[in-house]
K.L.:
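Please see the structure below; I have some questions.
Values below: all heavy atoms of this structure, side chains included; hydrogens, waters and symmetry mates excluded.
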Amino acid sequence: MLNFDPARFLRIQTGTVTIARDLGALVGRLVAEGADSLFFMGSGGAGILMQPAADLMRRASKLPCHNVLCAEIVLTGHVALGPKSVVVMPSLSGTTKESIAAMDYVKARGATVISITGHAETPLAKGADHSFVNFAEDDTSCEMFYVTSLVAALAAMQARGERSDYDRIIAELAGLPQQLLAVKQAFESRADALARAIAADGWHIITGSGAAWPEAYYYGMCILEEMQWIRTRPVHASDFFHGTLELVEKGVSVVVFAGEDETRPLTDRVIAFAKGYTDKLTVLDTRDLATTGLSPDLRALMAPALLATVLERLSAHLEVMRDHPLVTRRYYKRVAY
């Protein structure tokens, strides 16, 4: 496998499962003790990766749940934020300035702050009421944030009597690191060809729905745009037919991320349309990513993590093919803004 260390990956994702279990226990206890709202609050990519968990809560729980932007809440406030709020804050570096400002803001209002970071000696790890640290880097952080936030949401619902499958899911998650590795290994042969397809065009329409949509948005903005300087147009599959379809013609790249939840018909509709009007349709379908020991409901929840783990393989090939390292930046953390 190109530029990949399996032992390192397993070590990091095993750590992910460990902190997810401990985070779930904490969130469950806080909800049982009377927490009246749950916030996921991140900046940039880390905030996007919280969306599947927040969406799950909004659909399936009566506990108010909000996924808000750190840079915005300090300017606008939030009526639901208060002393009984639990705020989960992800930041890989632990140093994101907007997240630090938001942490200070919500702590001043009495909320309980839980941070998830990749580094211990950082402002977010040290300043939170509860800190969960698992060393990770850009190529392994998506899975970490997807898994931990989803476990937090499931634990909150379990504590309220809204789910009864939490223990089973936690038991299944013990095998997730090895399953993610197997998925990566099986995808490697496709990664080079997919990278060539992405590199061949200057811009791409990227779409998805349900739990797969945040990964489509994230990969377009944070990887292809930020790390590869390739222009993208991320659009939710439900909005694709309310504007973006007019851009589709022969030669236009359409990339569809398809998951396994109840919103699947939305991406199926885009695929059916695109097949008739462009010769550059790429579909990444989690149904094609074989696993063992993961139940259908857990696979549906983990669709964004499955997509992220194979997209890392695409990124590894893309940076070599384009001679553009993923760490290259013009502006990010290089100039004042």
K.L.:
Look only at the side chain of His119 and the backbone of Glu121, and say whether a donor-acceptor pair between them is shorter than 3.5 Å.
P.N.:
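Here the side-chain-to-backbone pair does not exist.
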K.L.:
Establish, from distance only, whether the side-chain atoms of Thr232 and Tyr219 form a donor-acceptor pair under 3.5 Å.
P.N.:
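There is no such pair (donor and acceptor under 3.5 Å, judged by atom type) between the side chains of Thr232 and Tyr219.
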K.L.:
Checking Gln179 against Thr291: is there a side-chain donor and acceptor pair closer than 3.5 Å?
P.N.:
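The answer is no; no qualifying pair exists.
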K.L.:
To the closest 0.5 Å, what do you measure between CG (Leu2) and OG (Ser315)?
P.N.:
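If we round to the nearest 0.5 Å, Leu2:CG and Ser315:OG are 11.0 Å apart.
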K.L.:
Begin from the C-alpha positions of Asp104 and Lys107 and carry the test salt bridge (charged side-chain N to carboxylate O under 4.0 Å, His left out) through to its verdict.
P.N.:
CA-CA 5 Å; Asp104 293 340; Lys107 286 184 71 176; over 6 Å; no
K.L.:
Could you see if Val151 belongs to whatever hydrophobic cluster contains Leu30? Use Ile, Leu, Val, Met, Phe, Trp, Tyr and a side-chain cutoff under 4.5 Å.
P.N.:
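Cluster IDs for Val151 and Leu30 match.
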K.L.:
Where the side chain of Thr207 meets the backbone of Ala237, is there a donor-acceptor pair that is under 3.5 Å apart?
P.N.:
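Looks like yes, one N/O pair under 3.5 Å.
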K.L.:
Step by step, would you call Leu245 with Tyr277 a side chain to side chain contact (heavy atoms under 4.5 Å, CB included)?
P.N.:
CA-CA 10 Å; Leu245 81 167; Tyr277 297 99; over 6 Å; no
K.L.:
Taking atom CG of Asn3 and atom CZ of Arg313, what is their separation to the nearest 0.5 Å?
P.N.:
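With rounding to 0.5 Å, CG (Asn3) is 7.5 Å from CZ (Arg313).
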K.L.:
Would a single hydrophobic cluster contain both Val270 and Phe257, if residues Ile, Leu, Val, Met, Phe, Trp and Tyr are joined by side-chain heavy-atom contacts under 4.5 Å?
P.N.:
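No, no single cluster joins them.
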K.L.:
Between Leu318 and Ile223, is a side chain to side chain contact (heavy atoms under 4.5 Å, CB included) present by the stated rule, with each step listed?
P.N.:
CA-CA 10 Å; Leu318 200 57; Ile223 307 300; over 6 Å; no
K.L.:
How far does NE2 of His204 sit from CD1 of Ile198, to the nearest 0.5 angstrom?
P.N.:
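Going from NE2 on His204 over to CD1 on Ile198, the span is 4.5 Å.
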K.L.:
Please examine the side chains of Ser37 and His78, heavy atoms only from C-beta on, and report whether any two atoms are closer than 4.5 Å.
P.N.:
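With C-beta onward as the side chain, the pair stays apart.
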K.L.:
Decide yes or no for Leu306 and Leu180: does some side-chain heavy atom of the first lie under 4.5 Å from some side-chain heavy atom of the second?
P.N.:
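Yes - at least one pair of side-chain heavy atoms lies under 4.5 Å apart.
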K.L.:
Tell me whether Arg299 contacts the main-chain N or O of Thr286 through its side chain, where contact means a donor paired with an acceptor under 3.5 Å.
P.N.:
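Here the side-chain-to-backbone pair exists.
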K.L.:
Donor-acceptor pair, Asn134 side chain versus Ile19 backbone, under 3.5 Å?
P.N.:
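Checking the backbone N and O of Ile19 against the side chain of Asn134, no donor-acceptor pair under 3.5 Å is found.
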K.L.:
Is the side chain of Thr14 donor-acceptor paired with the backbone N or O of Arg11 at a distance under 3.5 Å, no angle test?
P.N.:
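Not at all, since once roles are kept as given, no pair shorter than 3.5 Å links the two residues.
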K.L.:
Determine whether the aromatic ring centres of Phe40 and His66 lie less than 6.0 Å apart.
P.N.:
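Between Phe40 and His66, the centre distance exceeds or equals 6.0 Å.
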K.L.:
First locate atom OG1 of Thr263, then atom CZ of Arg59, and finally report the distance between them rounded to the nearest 0.5 Å.
P.N.:
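Thr263 atom OG1 to Arg59 atom CZ measures 8.0 Å (nearest 0.5 Å).
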K.L.:
Counting C-beta onward and ignoring hydrogens, is there a side-chain heavy-atom pair between Pro52 and Pro304 closer than 4.5 Å?
P.N.:
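Sidechains of Pro304 and Pro52: in contact.
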K.L.:
Are the side chain of Glu319 and the backbone of Leu326 linked by a donor-acceptor contact shorter than 3.5 Å?
P.N.:
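The answer is yes, because a donor-acceptor pair under 3.5 Å joins these two groups.
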K.L.:
Inspect the contact between Glu312 and Lys184 and indicate whether a charged nitrogen and a carboxylate oxygen are less than 4.0 angstrom apart.
P.N.:
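Glu312 and Lys184: salt-bridged.
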K.L.:
Okay, side chain of Arg322, backbone of Gln228: is any donor-acceptor separation there less than 3.5 Å?
P.N.:
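Answer holds: yes.
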K.L.:
Hey, does the side chain of Thr117 reach the backbone of Ala125 with a donor-acceptor pair shorter than 3.5 angstrom?
P.N.:
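Here the side-chain-to-backbone pair does not exist.
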K.L.:
How many angstroms lie between atom CD of Glu143 and atom CD1 of Ile12, to the nearest 0.5 angstrom?
P.N.:
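So the CD of Glu143 and the CD1 of Ile12 are separated by 9.5 Å.
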K.L.:
Could you walk me through whether Leu301 and Asp297 satisfy the side chain to side chain contact (heavy atoms under 4.5 Å, CB included) test, starting with their C-alpha distance in whole Å, then the side-chain angles of each, then the deciding distance to 0.1 Å, before giving a yes or no?
P.N.:
CA-CA 6 Å; Leu301 289 170; Asp297 58 339; 5.7 Å; no
K.L.:
Under a single-linkage definition using a 4.5 Å side-chain heavy-atom cutoff for Ile, Leu, Val, Met, Phe, Trp and Tyr, are Phe241 and Val248 assigned to the same hydrophobic cluster?
P.N.:
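Hydrophobic grouping puts Phe241 with Val248.
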K.L.:
Atom CG of Leu38 and atom OG1 of Thr112: how far apart are they, to the nearest 0.5 Å?
P.N.:
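One finds 11.0 Å between CG of Leu38 and OG1 of Thr112.
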K.L.:
Evaluate whether atom CZ of Arg231 has more than 12 neighbouring non-hydrogen atoms of other residues, nucleotides or ligands under 6.0 angstrom away.
P.N.:
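No, because the 6.0 Å sphere around CZ of Arg231 holds 12 heavy atoms or fewer from other groups.
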K.L.:
Please confirm whether the backbone N or O of Ala258 pairs with a side-chain atom of Thr267, one donor and one acceptor, at under 3.5 Å?
P.N.:
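Pair absent, no side-chain N/O of Thr267 close to backbone of Ala258.
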K.L.:
Are Gln13 and Thr16 close enough that a side-chain donor and a side-chain acceptor fall under 3.5 Å?
P.N.:
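Present: a donor and an acceptor within the cut-off.
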K.L.:
Checking the side chain of Thr76 only, and the main-chain atoms of Glu72 only, is there a donor and an acceptor separated by less than 3.5 Å?
P.N.:
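Yes.
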K.L.:
Test Ser91 against Ser99 for side-chain hydrogen bond (donor to acceptor under 3.5 Å, both in side chains), laying out the working first.
P.N.:
CA-CA 8 Å; Ser91 172; Ser99 296; 5.1 Å; no
K.L.:
Hey, mind stepping through Glu260 and Arg287 against salt bridge (charged side-chain N to carboxylate O under 4.0 Å, His left out) and telling me if it holds?
P.N.:
CA-CA 7 Å; Glu260 300 171 41; Arg287 288 178 177 174; 5.6 Å; no
K.L.:
Verify side chain to side chain contact (heavy atoms under 4.5 Å, CB included) between Phe145 and Ser149, making sure each step is shown before the conclusion.
P.N.:
CA-CA 6 Å; Phe145 288 136; Ser149 58; 5.6 Å; no
K.L.:
Is there a donor-acceptor contact under 3.5 Å linking the side chains of Arg168 and Ser295?
P.N.:
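Looking only at side-chain atoms, Ser295 and Arg168 do form a donor-acceptor pair, the distance falling under 3.5 Å.
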K.L.:
Would you say Tyr217 and Gln51 are linked by a side-chain donor-acceptor pair, where the criterion is simply a distance under 3.5 Å?
P.N.:
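No, no side-chain donor-acceptor contact under 3.5 Å.
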K.L.:
Could you tell me whether Arg264 and Asp268 make a salt bridge, using a distance below 4.0 angstrom between a side-chain N and a carboxylate O?
P.N.:
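Salt bridge between Arg264 and Asp268, a charged N being under 4.0 Å from a carboxylate O: yes.
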K.L.:
Is the NZ or CZ atom of Arg109 both under 6.0 Å from the centre of the six-membered ring of Tyr105 and within 45° of that ring's axis?
P.N.:
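Yes, a cation-pi geometry.
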K.L.:
Any luck finding a side-chain donor-acceptor pair between Thr122 and Thr95 under 3.5 Å?
P.N.:
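No pair is found: no donor N or O on one side chain lies under 3.5 Å from an acceptor on the other.
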K.L.:
Under a 4.5 Å side-chain heavy-atom rule over Ile, Leu, Val, Met, Phe, Trp and Tyr, are Ile48 and Phe39 clustered together?
P.N.:
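In one cluster with Ile48: Phe39, no.
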K.L.:
Decide whether Phe4 and Leu311 are clustered together by the hydrophobic rule: side chain heavy atoms of Ile, Leu, Val, Met, Phe, Trp, Tyr closer than 4.5 Å, transitively.
P.N.:
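Both belong to a single hydrophobic cluster.
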